[in-house]
Amino acid sequence: MSKPSESPAPSADAPATPKGSGASLEQARRDKLERLKALGVDPWGHRYDDTRPIVAVRATGESLDRSPDDTTGPTVRVAGRIMLLRSAGSLVFIDLADRSGRIQLMIGKKQVGPEAWQIIKCLDLGDIVGAEGRLGYSKTGELTVFATGIEFLTKSLETPPDKFHGLVDPELKQRMRYLDLIHGEGVRERFVARSRIIEAIRRVLTARGYLEVEGPTLQETAGGAAARPFLTHHNALDMPLVLRIALELHLKRLLVGGLERVFELGRVYRNEGVSPRHNPEFTMLEAYEAYGDYGTMMDLTEAILVEAAQAAGAPTRFEWMGHTVDLTPPFRRATYDDLLREVTGCDPADPASVGAAASARGIETAGRHPDVVKSDLFEATVEDTLSGPVFVIDYPAAVCPLTKRKADNPAIAERFELYVAGIELANAYTELNDPDLQEELFRTQLAGLADEESMARMDTDFIRALRHGMPPAGGLGIGIDRLVMFLTAAPSIRDVILFPIHRPHQ
RNA sequence: GGGGCUGUAGCUCAGUCGGUAGAGCAUCGGACUUUUAAUCCGUUGGUCCUGGGUUCGAGUCCCAGCGGCCCCA
């Protein structure tokens with residue numbers, strides 16, 4: 001710092017609080033804030049125009065002569081957060097970060113003059129500043145903005161994380177995502193990729209004539225999936241409501257309404273456990289196409305995955321969670337029964353054989369519907385083996401109450417699930433549009449299934465819509481968070497959700 | 001719900017056999033007009049997650065709780 005006699009700040013009032021604790025770390029910054037005010041600088045800044053993204057400035061720097069020169073390069077204006085601060089006497093080097101990248105600033109006392117130098121003396125790690133100056137290379141060959149003017153934009157009152165290790169504690173990374181975004185390796189890039197993936201999905205669908213719509217998130221009946229809903233209440237109407245667990249039934253109503261190709265990218269809520277692959281609220285894509293079937297949806301799924309991978313900058317072939325995945329279409333297609341036979345050796349057509357295989361693996365069979373047992377067996381044995389991508393097709397009908405049955409075999413439903421790296425990524429049907437059969441299936445609670453495990457929830461309004469006539473259609477659901485997980489090689493769903501759920505901290 | 005690991009300075013981490021707390025970064029003071037995790041000298045900073053217990057003595061051992069991570073159901 002400057003000598004006390006030079007400082008116009010109330011340094012005489014500077015508290016003699018102990019230095020180094022959390023409180024006094026903040027106090028040191030507040031002291032500088034007061035000094036800035038005394039210098040006539042607004043520590044909270046204002047509009048700062050004509051900046052260029054740092055990545056663009058760096059691109060400009062590529063074409064410059066590499067010999068040290070701080071006087072002839074183009075003048076540039078950048079703004080961002082101070083990530084590193086190195087002082088060498090009357091010379092200060094700053095690593096400045098904006099949304100696009102980082103660049104070094106050099107600020108000399110002689111170059112900016114004594115008044116601006118007083119401001120420089122008040123800078124801390126984490127402060128946000130704007131700078132203008134010639135672009136060039138320093139004596140050590142680093143691309144540098146040689147600042148002739150500095151604009152203070154915002155004071156940071158908190159100490160940033162360790163400048164080398166960044167924020168490591170996973171709890172802090174999630175609770176203080178803003179810090180994780182600033183300091184975490186690849187964190188911002190991952191969430192940018194998420195945004196690009198969602199853009200790509202919209203692009204694919206709108207190019208095919210799909211209309212983006214929004215269904216209600218507050219519903220009377222939580223239908224369209226097997227999950228326990230969150231319960232809430234509308235005061236003015238004095239009625240119980242649930243948060244939606246799926247998008248399906250309202251999008252199908254829109255098929256009845258003649259919109260023919262609709263999709264929704266939306267949040268759904270399931271009142272279930274938290275794990276590296278589950279968050280109580282997550283984002284789903286559902287798309288419905290009149291006059292299509294589940295084969296139509298396989299083509300659409302491939303198109304979406306290829307486009308999304310490209311948008312995320314993910315390679316076509318990659319390793320994730322111990323699986324090797326190749327996204328080159330067409331994806332493998334294999335029937336549910338064939339896979340079950342391959343992996344377990346049982347005869348999928350014979351309930352006794354399936355039951356024996358299930359029992360051998362400790363799966364309860366007594367009093368349970370054979371298709372439910374079969375489904376448990378499939379989950380326990382086949383899923384992990386599916387590195388994929390593979391379309392698992394033709395499911396046991398009893399566990400698919402919203403799906404059209406095969407014309408020649410009512411025990412098989414025209415459904416597929418897409419597996420990648422042992423994880424279910426997409427789920428699609430040839431949609432059931434027979435209102436009478438749909439009503440019957442809603443009435444049928446399968447033996448061995450708890451309420452929240454069943455999709456059979458009566459929705460009389462939906463049945464009435466079907467009675468008005470829903471065209472034959474294919475429908476598709478994709479879990480966006482899981483898609484982003486594997487396209488960004490993230491091991492946990494919490495790595496791709498900006499603000500995952502947390503217990504309150506003290 | 002069951003099990004394992006974990007919680008120490010603002011951040012990243014040590015802490016031995018139970019003997020009243022350590023480092024780096026950050027802070028503060030000083031030197032430095034070419035640094036880049038700058039460097040050098042000095043300085044400051046602790047509810048050892050919380051509450052009990054054992055003990056002459058607990059960051060350390062025991063019990064319970066809280067938070068986090070992972071595995072299983």
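Every chain is numbered from 1 and lettered A, B, ... according to where its sequence line falls, protein lines coming before strand lines.
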(message) If we count only N and O atoms by modelled type, under 3.5 Å, do the side chains of A:R415 and A:N427 hold a donor and an acceptor together?
(response) yes

(request) Could you tell me the separation between the CZ atom of A:R503 and the P atom of B:G68, rounded to a whole number of Å? (result) 5 Å

(request) Could you give the distance separating B:A14 and B:G52 at their P atoms, to the nearest angstrom? (result) 29 Å

(message) Using whole Å, what does the distance between atom C1' of nucleotide B:C25 and atom CD1 of A:I82 come to?
(response) 17 Å

(request) Side chain of A:R175 only, please: which of B:C25, B:U34, B:G67 is the nearest? (result) B:G67

(message) For a quick check, tell me whether the side chain of A:D169 and the base of B:G68 share a donor-acceptor pair closer than 3.5 Å.
(response) no

(message) Checking base pairs now: Watson-Crick or wobble, both atom distances under 3.5 Å. What partners B:G45?
(response) none

(message) Once hydrogens and angles are ignored, does a donor-acceptor distance under 3.5 Å link the base of B:U35 to the side chain of A:Q104?
(response) yes

(request) Nearest-nucleotide wise, let me know which of A:P170 and A:L91 is further upstream toward the 5' end of RNA chain B. (result) A:L91

(request) On RNA chain B, check which nucleotide each of A:L172 and A:L85 is closest to and give me the residue with the more 5' one. (result) A:L172

(message) The side chain of A:A28 is closest to which nucleotide in this list: B:U33, B:C11, B:U27?
(response) B:U27

(request) Whole angstrom is fine here: how far is it from CG in A:L125 over to P in B:C28? (result) 10 Å

(request) Please report, rounded to the nearest Å, how far the C1' atom of B:C71 is from the CG atom of A:D384. (result) 13 Å

(request) Can you tell me, in whole Å, how much space there is between the P of B:U12 and that of B:C66? (result) 24 Å

(message) OP1 or OP2 of B:C70 versus the side-chain N and O atoms of A:R494: is any pair under 4.0 Å?
(response) yes

(message) Is A:K121 close enough to B:C28 that one of its side-chain N or O atoms is under 4.0 Å from OP1 or OP2 there?
(response) no

(request) Looking only at side-chain atoms of A:S90, point me to the closest of B:G10, B:U33, B:U27. (result) B:U33

(request) Considering only atom P, compute the distance from B:G3 to B:U8 and round it to an integer number of Å. (result) 24 Å

(message) Less than 4.5 Å apart, side chain to side chain, heavy atoms only: is that true for A:E383 and A:E424?
(response) no

(request) Please measure how far the C1' atom in B:G46 lies from the corresponding atom in B:A21, and state the result in whole Å. (result) 8 Å

(request) Take atom C1' in B:C5 and the same atom in B:G22, then report the distance between them in whole Å. (result) 24 Å

(request) Could you work out which one of B:G67, B:A37, B:U35 sits closest to the side chain of A:E171? (result) B:G67

(request) Using Watson-Crick or G-U wobble geometry with both distances below 3.5 Å, tell me the partner of B:A14, or none. (result) none

(message) Does A:E158 reach a base, just sugar-phosphate, or nothing at all? Heavy atoms under 4.0 Å.
(response) nothing

(request) Rounded to the nearest angstrom, tell me the gap between atom CG in A:L167 and atom P in B:C13. (result) 10 Å

(message) Can you see if the side chain of A:K163 gets near the phosphate of B:C11 - specifically, an N or O under 4.0 Å from OP1 or OP2?
(response) no

(request) Calculate the interatomic distance between A:H165 atom NE2 and B:C11 atom P; express it in whole Å. (result) 14 Å

(message) Taking any heavy-atom pair under 4.0 Å as a contact, classify A:S275: base, sugar-phosphate, or nothing.
(response) nothing

(request) Could you list the residues that satisfy side chain to side chain contact (heavy atoms under 4.5 Å, CB included) with A:K37, not counting sequence neighbours? (result) A:L33, A:E34, A:P43

(message) Nearest whole Å is fine: how far is B:G10 C1' from A:L25 CG?
(response) 5 Å

(message) So if I take every side-chain heavy atom of A:V168 and compare against B:U12, B:G68, B:C28, which nucleotide ends up nearest?
(response) B:U12

(message) Under a plain distance cut-off of 3.5 Å, with no hydrogens placed, do A:E151 and A:H46 share a side-chain donor-acceptor pair?
(response) yes

(message) For a quick test of reading the model, state the closest non-hydrogen atom pair linking A:E319 to A:T324 and the distance between them.
(response) OE2-OG1, 2.7 Å

(message) Is the shortest side-chain heavy-atom distance between A:I182 and A:P160 below 4.5 Å?
(response) no

(request) Assert yes or no for the condition that the ring centre distance of A:F391 to A:Y419 is strictly below 6.0 Å. (result) no

(request) Taking all heavy atoms of A:L377 and all of A:T381, pick out the closest pair and write down the distance. (result) O-OG1, 2.6 Å

(request) Compare side-chain N and O positions of A:H183 against OP1 and OP2 of B:C11 and report whether any pair is under 4.0 Å apart. (result) no

(message) If I pick the P atom on B:C17 and the same atom on B:C56, what distance separates them, to the nearest angstrom?
(response) 22 Å

(request) Check if the side chain of A:S138 and the base of B:U35 share a donor-acceptor pair of N or O atoms closer than 3.5 Å. (result) yes

(request) Identify the nucleotide, in any strand shown, that forms a Watson-Crick or G-U wobble pair with B:C5, with both distances under 3.5 Å; if there is none, say none. (result) B:G68

(request) Sticking with atom C1', work out how far B:U39 lies from B:C49, rounded to a whole angstrom. (result) 38 Å

(request) Counting heavy atoms from C-beta on, name the nucleotide in B:G67, B:U34, B:U27 closest to the side chain of A:T140. (result) B:U34

(request) Between B:U6 and B:C61, how far apart are the P atoms? Round to whole Å, please. (result) 10 Å

(message) What is the separation between atom CZ on A:R29 and atom P on B:C28, rounded to the nearest whole Å?
(response) 8 Å

(request) Consider the side chain of A:P276, meaning its heavy atoms from C-beta on, and name the nucleotide among B:C70, B:U34, B:A37 that approaches it most closely. (result) B:C70

